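Working notes, structure below.
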Amino acid sequence: MQSRVIMLVDFDYFFAQIEEVRNPSLKDKPVVVCVYSGRSIDSGAVSTANYIARKYGVESGISIYLAKKKLRDVDAIFLPVDHEFYEMVSKRIMDIMKGYADRFEQVGIDEAYLDVSQSVNENFEAAKDLALKIKQDIRAKEEITCSIGTGPNKLVAKIAADIQKPDGLTVVKPGEVENFLSPLPVGRLIGVGKKTEARMESLGTRTIGELSEYDVQRLVAIFGKVFGTYLHYASFGIDESPVQERGEAESISRISTLKEDTWDLGIILERANQLCEEVHARLMQQGFSFKTVGIVAVMADMSIRSRSKTFENPTNELALFKRTVKELFEKLLSESELEARRVGVKLSNFVKMQEKQKQLTSFIGTSAINLYS
DNA sequence: GTATGCTTTCGGC
DNA sequence: TTACGGCCGAAAGCATAC
């Protein structure tokens, strides 16, 4: 095998596009898909907007209030998120793509990596044709457009997919990788966030090209052996990480907005306990045990606090989950003078439950003492 | 010092 | 001039072990 051929397929403005498909009369209007918090009329945030709405400055994360203001003189459509429906459509499109891939890796609800090396016999011209065919197939079956990046590995494919969108296709052949990457800012590399980018800027390496000229030994001295060598190879577009089906989620969480800001532990725990039950139910569906319990609180000033606790041994006990959440909120609130606006709970650090353990748990019930904890 | 793993915060969608 | 979700994984920061 000479070269791998990897694609990253990204569905365009996914939630809003699905709403356009469901109701085609929306297609020529600004469409804004919103998460309403229920606290007051129009409190909440924008999840996704179509490209017409984006022209007015409406983007993910801004408040619904602000989005309405930006679109006040326009015939715009505001819709609540319908996550279950989007999951269904996503799953169908994922299944279409799996048919074209030697290996497949879903990333979130609207992205996937496809290793198509064998399908195209390592030929990048054939890869371009295949990408067009995949786009066409998804469009024919689901009326959804997507943007595809194609390259010799995941790193290049991911960056390429961002070059042209919506409905884009960017193919980067192995021989073109260095010219493709070198003018781009280092922040485009996975693993390079704001802080790392700033540190690199001070070293005079703003672009990936400049990074590739930087001495490896120095990179290792500054960023450590593992990260330093990773950066060196990434700057040359070298990435051997395989496309592989992901296991189940690494964490399961739920967060929700309170009716009003409060520092009353009783009110907070009442909501948190409901969230615990929902998260725990999902955990049971997946057949996992957890080792880590986390909480998060968004305070009145929108600052975010979180706390977590990791156990020695995995457990799946709801009562322990709730008890730990209580403990963590007590700690968090005692360390903060602000009222809470939103509260959330999270489980992570999963271990697959053994059949035996599953049966034991269902037999004894939720009040059981977990033998492993 | 470096590696590793855990906790907290950040950021994309 | 305020406004402001929910979920996930990545990044950053810190503690500990060697």
Side-chain angles (χ1 to χ4, degrees), chain A residues 10-18 32-50 54 58-70 80-83 86-87 90 105-111 147 158 161-162 165 187-199 220-231 246-258 261 275 278-279 282 291-312 328 331-332 335 341-350:
Chain A
D10 184 311
F11 311 153
D12 300 320
Y13 62 103
F14 192 43
F15 296 175
Q17 200 184 354
I18 290 179
V32 187
V33 178
C34 305
V35 182
Y36 291 92
S37 72
R39 164 174 283 220
S40 67
I41 189 102
D42 283 353
S43 71
V46 171
S47 180
T48 324
N50 68 358
R54 290 184 198 188
V58 174
E59 50 191 59
S60 296
I62 71 170
S63 66
I64 297 169
Y65 173 90
L66 184 56
K68 291 210 163 170
K69 200 162 123 183
K70 286 174 183 284
V81 285
D82 183 354
H83 214 269
Y86 308 153
E87 287 281 0
S90 168
E105 177 178 344
Q106 182 172 342
V107 187
I109 195 171
D110 67 347
E111 265 185 48
S147 297
K158 171 80 179 163
D162 266 333
K165 51 173 40 174
R188 292 287 194 106
L189 299 173
I190 295 169
V192 179
K194 211 171 57 180
K195 290 288 170 87
T196 308
E197 195 167 19
R199 283 170 78 189
V220 169
I222 296 162
F223 295 102
K225 192 171 167 186
V226 172
F227 193 44
T229 48
Y230 162 77
L231 286 172
R246 299 202 179 187
E248 319 285 323
E250 292 174 19
S251 67
I252 301 175
S253 64
R254 275 232 51 194
I255 182 168
S256 98
T257 303
L258 299 167
D261 298 356
L275 300 178
E278 295 180 35
V279 167
R282 284 170 61 194
K291 284 174 72 179
T292 302
V293 173
I295 60 154
V296 61
V298 178
M299 313 310 287
D301 66 351
M302 301 303 282
S303 63
I304 299 168
R305 313 279 152 86
S306 61
R307 295 289 180 271
S308 67
K309 179 171 176 177
T310 299
F311 298 104
E312 195 74 21
L328 292 171
K331 185 161 96 177
L332 186 145
E335 291 166 10
R341 177 189 177 90
R342 300 162 64 198
V343 296
V345 305
K346 171 163 100 165
L347 292 176
S348 57
N349 222 333
F350 298 139

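Just so it is clear: chains get the letters A, B, ... in the order the sequence lines come, proteins before strands, and each one is counted from 1. Computed from a predicted structure; not experimentally measured. Just so you know, these numbers use all the heavy atoms, side chains as well, and skip hydrogens, waters and symmetry mates.
The neighbour count for A:Glu312 CD, taken as heavy atoms of other residues, nucleotides or ligands under 6.0 Å away, does not exceed 12.
Base engagement by A:Ser47 is indicated by at least one non-hydrogen atom pair under 4.0 Å involving a base atom. Residue A:Gly108 is classed as having no contact, given no heavy-atom separation below 4.0 Å to the nucleic acid. Here A:Asp42 lies out of heavy-atom contact (under 4.0 Å) with every strand.
Comparing the same atom, P, in C:dC4 and in B:dC13 gives a spacing of 24 Å after rounding to whole Å.
The list of salt bridge (charged side-chain N to carboxylate O under 4.0 Å, His left out) pairs with a residue in residues 37-48 of chain A, not counting sequence neighbours, reads A:Arg39-A:Asp261, A:Asp42-A:Lys68.
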Pairs of donor and acceptor atoms involving the side chains of residues 341-348 of chain A, under 3.5 Å and at least two apart or interchain, shall be tabulated with distances.
none

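If you take CD of A:Glu278 and P of C:dG6, they are 12 Å apart, rounded to a whole angstrom. As rounded to whole Å, 9 Å separates atom C1' of B:dC6 from atom CG of A:Asn349. For A:Ile295 and B:dT7, the CD1 to C1' distance is 13 Å, given to the nearest whole Å. Atom CG in A:Asp12 sits about 18 Å away from atom P in B:dG12, given to the nearest Å. When the C1' atom of C:dC7 is taken as reference, atom OH of A:Tyr86 falls 15 Å away, rounded to whole Å. Per the geometry, CD1 belonging to A:Ile62 stands 10 Å off C1' belonging to C:dA3, to the nearest Å. What separates CD of A:Glu105 from P of C:dC8 is a distance of 17 Å, to the nearest Å.
When the side chain to side chain contact (heavy atoms under 4.5 Å, CB included) test is applied to A:Val296, the partners found at least two apart in sequence or on another chain are A:Ile255, A:Ile304, A:Ser306. With sequence neighbours left out, A:Thr196 forms a side chain to side chain contact (heavy atoms under 4.5 Å, CB included) with A:Val192, A:Met200, A:Phe223, A:Phe227. Under the ring pair (Phe, Tyr, Trp, His ring centres under 6.0 Å) criterion, A:Tyr230 pairs with no residue, sequence neighbours left out. Residues forming a ring pair (Phe, Tyr, Trp, His ring centres under 6.0 Å) with A:Tyr86 (at least two apart in sequence, or on another chain): A:Phe15. Remark: A:Tyr13 pairs with A:Tyr51 by the ring pair (Phe, Tyr, Trp, His ring centres under 6.0 Å) rule, at least two apart or across chains. Under the ring pair (Phe, Tyr, Trp, His ring centres under 6.0 Å) criterion, A:Phe350 pairs with A:Phe288, sequence neighbours left out.
For the contact set between residues 303-311 of chain A and DNA chain B, defined by any heavy atom under 4.0 Å, the members are A:Ile304, A:Arg305, A:Ser306, A:Arg307, A:Ser308, A:Thr310.
Remark: A:Thr257 is in phosphate contact with C:dG6, judged by side-chain N or O atoms under 4.0 Å from OP1 or OP2. The side chain of A:Arg341 places an N or O atom within less than 4.0 Å of a non-bridging phosphate oxygen (OP1 or OP2) of C:dG5. For C:dC8, one of the phosphate oxygens OP1 or OP2 lies less than 4.0 angstrom from a side-chain nitrogen or oxygen of A:Arg282.
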- Item | Sugar-phosphate or base contact per nucleotide [nucleotides 10-18 of chain C; S, B, -; heavy atom under 4.0 Å] | -SSS-----

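Closest-nucleotide positions on DNA chain B for A:Gly61 and A:Lys291 were compared, and the one nearer the 5' end corresponds to A:Lys291. With the nearest nucleotide of DNA chain C identified for both A:Ser37 and A:Ile252, A:Ser37 has the one nearer the 5' end.
With the end axes of the helix from B:dG1-C:dC18 to B:dC13-C:dG6 each set by five pairs, the angle from one to the other reads 20° at 10° resolution.
The backbone N or O of A:Ile222 lies less than 3.5 Å from a partner atom in the side chain of A:Arg199, making a donor-acceptor pair.
Looking at A:Cys34 and A:Pro80, their side chains never come closer than 4.5 Å, going by heavy atoms from C-beta outward.
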Protein and nucleotides 1-3 of chain B: nitrogen or oxygen contacts under 3.5 angstrom:
| from | atom 1 | to | atom 2 | distance (Å) |
| --- | --- | --- | --- | --- |
| B:dA3 | OP2 | A:Lys225 | N | 3.3 |

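Heavy-atom minimum distance, A:Ala161 versus A:Ser147: O-CB, 4.0 Å.
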